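Here is the structure we will look at, set down as structure tokens.
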Amino acid sequence: MIVVKENASKLDMGVVKGGRYLLVPFFTLYMILFLYLPLLPHSVHCQCTKTPIIFNFGDSNSDTGGYADGVGLNFAPPNGRTYFHQPARRLSDGRLMIDFLCESLNTDYLTPYLNSLEPNFTNGVNFAIIGSATLPRYVPFSLFVQVSQFLRFRYRSPALMLNGYKDLVGDEDFENALYTIDIGQNDLAASFDNLTYSQVIERIPSFITEIKNAIWNIYEKGGKKFWVHNTGPLGCLPQKLALLARNATELDEHGCLQPLNNAAKTFNAQLRVLCEQLRRELINVTIVYVDIYSIKYDLIANAPNYGFESPLMACCGNGGPPYNYNANINCGRTGYTVCHEGSKFISWDGVHYTEAANAIFASKILSTHYSTPQLSFNFFCNNM
């Protein structure tokens, strides 16, 4: 199950106008989960016989502090306000999907690879970095660079443990670990900045090749359990809707940009084929393909059924309806405004999601209804 920590209901949330932070009490995520999780498919709570090991690769959708550690940046309030009560090096008002998935395994949140201040890697490592993509290959922190960091960690961690170091991963644990991959959104987003739709579609196979190479490289070092997310509905992000020129014919019935969503669907179709191919090619390997696109689009299309309002509007930003997104005044910068109740919004800052949305995404992931094959974290837990 998704765990709601005891202190999650004790925070007075705020609204910020013109850089001033005003406290406004309201129901927090505890109430959202209490009210809406019974409507969702049953999730799974795992009782592993030993500490589960997770190695995560991705972008801001799953970065739990790598970017902040790497550049020495402290995110400004109101980021982190919902659960952590302060900025928590995540681009959200609270927890991310990967945080909820870790909770489902009853393990700690993943420590970023770049964390140099007493890191604890006993339950794995998070290599995900905000802004990461599959290409260009050698630009930090591309998927190739993240896997290169993993390969160094794979080589050094067992050796250091033999010399008495703690809080690392032993040699035998790499084979039993779960390798999660959630990347590709930034490749598509950046491509649409200067390419036509057809040119973007032509680039997609090169993105898929990088993911294939990443899985192969991990497999060759003992990795056998992979959890691969496809990419979400890019055309439903308030940022894209606010910035990209459009006309009514480009929008679907829910107000999302069809060309961007169609590109995401093309990417996802090719990623699914890749997963099928690798299941045949790799020996004794499990690869679960998770349809994140359908999970996120369903929430946007049916927002009122889940208790959300204005599904295409950012909670934190500038400009007001319909999208509340201004590229020059991002969430946390002087002049931004933030909604009273993030629990009523799907989008946090126009690109990233609120904790309330992430909680529902995680619950649906754990249901197995969006996974191929239909294996949940419970399977990996029992085999760790």
Side-chain angles (χ1 to χ4, degrees), residues 44-58 62 64-66 98-128 141 143-183 211-229 275 278-290 365-366 368 371 373 375-384:
V44 179
H45 183 68
C46 303
Q47 295 294 336
C48 298
T49 57
K50 59 184 299 187
T51 301
I53 309 296
I54 302 172
F55 295 105
N56 182 66
F57 306 86
S62 59
T64 56
I98 188 67
D99 295 319
F100 286 111
L101 296 177
C102 284
E103 288 185 8
S104 77
L105 288 176
N106 197 29
T107 191
D108 294 335
Y109 302 143
L110 292 181
T111 299
Y113 176 75
L114 296 178
N115 185 343
S116 61
L117 302 176
E118 297 186 359
N120 184 347
F121 297 127
T122 54
N123 67 325
V125 183
N126 193 354
F127 297 94
F141 288 91
L143 181 59
F144 175 83
V145 172
Q146 292 181 30
V147 172
S148 297
Q149 291 174 327
F150 163 76
L151 294 177
R152 174 172 172 78
F153 184 86
R154 174 71 179 89
Y155 171 73
R156 294 287 294 156
S157 182
L160 289 171
M161 289 189 72
L162 290 176
N163 289 328
Y165 286 84
K166 299 179 180 179
D167 298 333
L168 293 168
V169 179
D171 190 62
E172 70 283 355
D173 292 320
F174 285 92
E175 183 173 325
N176 293 321
L178 175 61
Y179 298 86
T180 57
I181 300 173
D182 187 338
I183 201 165
I211 297 175
K212 176 182 179 179
N213 292 340
I215 294 175
W216 263 103
N217 285 332
I218 296 169
Y219 166 74
E220 289 176 343
K221 295 300 180 181
K224 294 185 179 298
K225 300 164 186 174
F226 296 89
W227 188 270
V228 182
H229 289 183
C275 290
L278 292 177
R279 288 190 200 105
R280 295 190 299 266
E281 294 179 357
L282 307 184
I283 300 172
N284 296 326
V285 165
T286 300
I287 301 176
V288 176
Y289 169 89
V290 185
I365 290 170
L366 294 170
T368 76
S371 300
L375 299 174
S376 73
F377 267 37
N378 185 50
F379 169 83
F380 295 102
C381 180
N382 291 336
N383 288 272
M384 287 178 176

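Since the model is a prediction, treat every value here as computed from it, not as a measurement. Basis for what follows: all heavy atoms, side chains included, without hydrogens, waters or symmetry-related copies.
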Checklist entry - Can you name the nearest heavy-atom pair linking Val288 to Pro373, along with the distance? => result CG1-O, 3.8 Å
Checklist entry - About how many Å separate CZ of Phe100 and OH of Tyr109, when rounded to the nearest 0.5 Å? => result 7.0 Å
Checklist entry - Between Tyr179 and Tyr219, is the gap from one ring center to the other below 6.0 Å? => result no
Item to check | Which residues share a side chain to side chain donor-acceptor pair (under 3.5 Å) with Glu175, sequence neighbours left out | outcome: none
Item to check | For Ala177 against Lys225, the heavy-atom pair lying closest together | outcome: O-CB, 3.5 Å
Next on the checklist: Applying side chain to side chain donor-acceptor pair (under 3.5 Å), can you list everything that pairs with Asp182, at least two apart in sequence or on another chain?
Outcome noted: His229
Checklist entry - Is the backbone N or O of Lys224 less than 3.5 Å from a side-chain atom of Asn284, with the two atoms forming a donor-acceptor pair by type? => result no
Next on the checklist: Using 30° and 60° as the class boundaries, would you call the ring planes of Phe57 and Phe127 parallel, tilted or perpendicular?
Outcome noted: parallel
Next on the checklist: Checking side chain to side chain contact (heavy atoms under 4.5 Å, CB included) between Phe150 and each of Tyr113, Phe174, Tyr155, which is the one that passes?
Outcome noted: Phe174
Checklist outcome for this item: Residue pairs passing the salt bridge (charged side-chain N to carboxylate O under 4.0 Å, His left out) test with at least one member in residues 108-125, sequence neighbours excluded, are none
Item to check | Backbone of Leu110 reached by a side-chain donor or acceptor of Thr64 within 3.5 Å | outcome: yes
Checklist outcome for this item: Between the NZ atom in Lys50 and the OG1 atom in Thr122, the distance rounded to the nearest 0.5 Å is 11.5 Å
Next on the checklist: Using 0.5 Å steps for rounding, measure from the CG atom of Asn176 to the CD1 atom of Ile53.
Outcome noted: 9.0 Å
Item to check | Set of residues satisfying side-chain contact (heavy atoms from CB on, under 4.5 Å) with respect to Thr180, sequence neighbours excluded | outcome: Ile54, Asn56, Ile98, Leu178, Trp227
Item to check | Set of side chain to side chain donor-acceptor pair (under 3.5 Å) partners for Asn213, sequence neighbours left out | outcome: none
Checklist outcome for this item: Hits for ring pair (Phe, Tyr, Trp, His ring centres under 6.0 Å) against Phe141, two or more places apart or cross-chain, chain-then-number order -> none
Next on the checklist: Within this structure, what is the OG-CG distance for the pair Ser148 and Asn217, rounded to the nearest 0.5 Å?
Outcome noted: 7.5 Å
Checklist entry - Quick one: side chain to side chain donor-acceptor pair (under 3.5 Å) partners of Thr107, sequence neighbours excluded? => result Asn123
Checklist outcome for this item: Sequence neighbours excluded, the answer for side-chain contact (heavy atoms from CB on, under 4.5 Å) partners of Ile215 is Ile181, Ile211, Phe226, Val228, Leu278, Leu282
Checklist entry - With sequence neighbours left out, what residues match Tyr289 under ring pair (Phe, Tyr, Trp, His ring centres under 6.0 Å)? => result none
Please set out all donor-acceptor pairs under 3.5 angstrom arising from side-chain atoms of residues 158-172, sequence neighbours excluded.
unit_1	atom_1	unit_2	atom_2	d
Asn163	ND2	Ala159	O	3.4
Asp171	OD1	Arg154	NH1	2.9
Asp171	OD1	Arg154	NH2	3.3

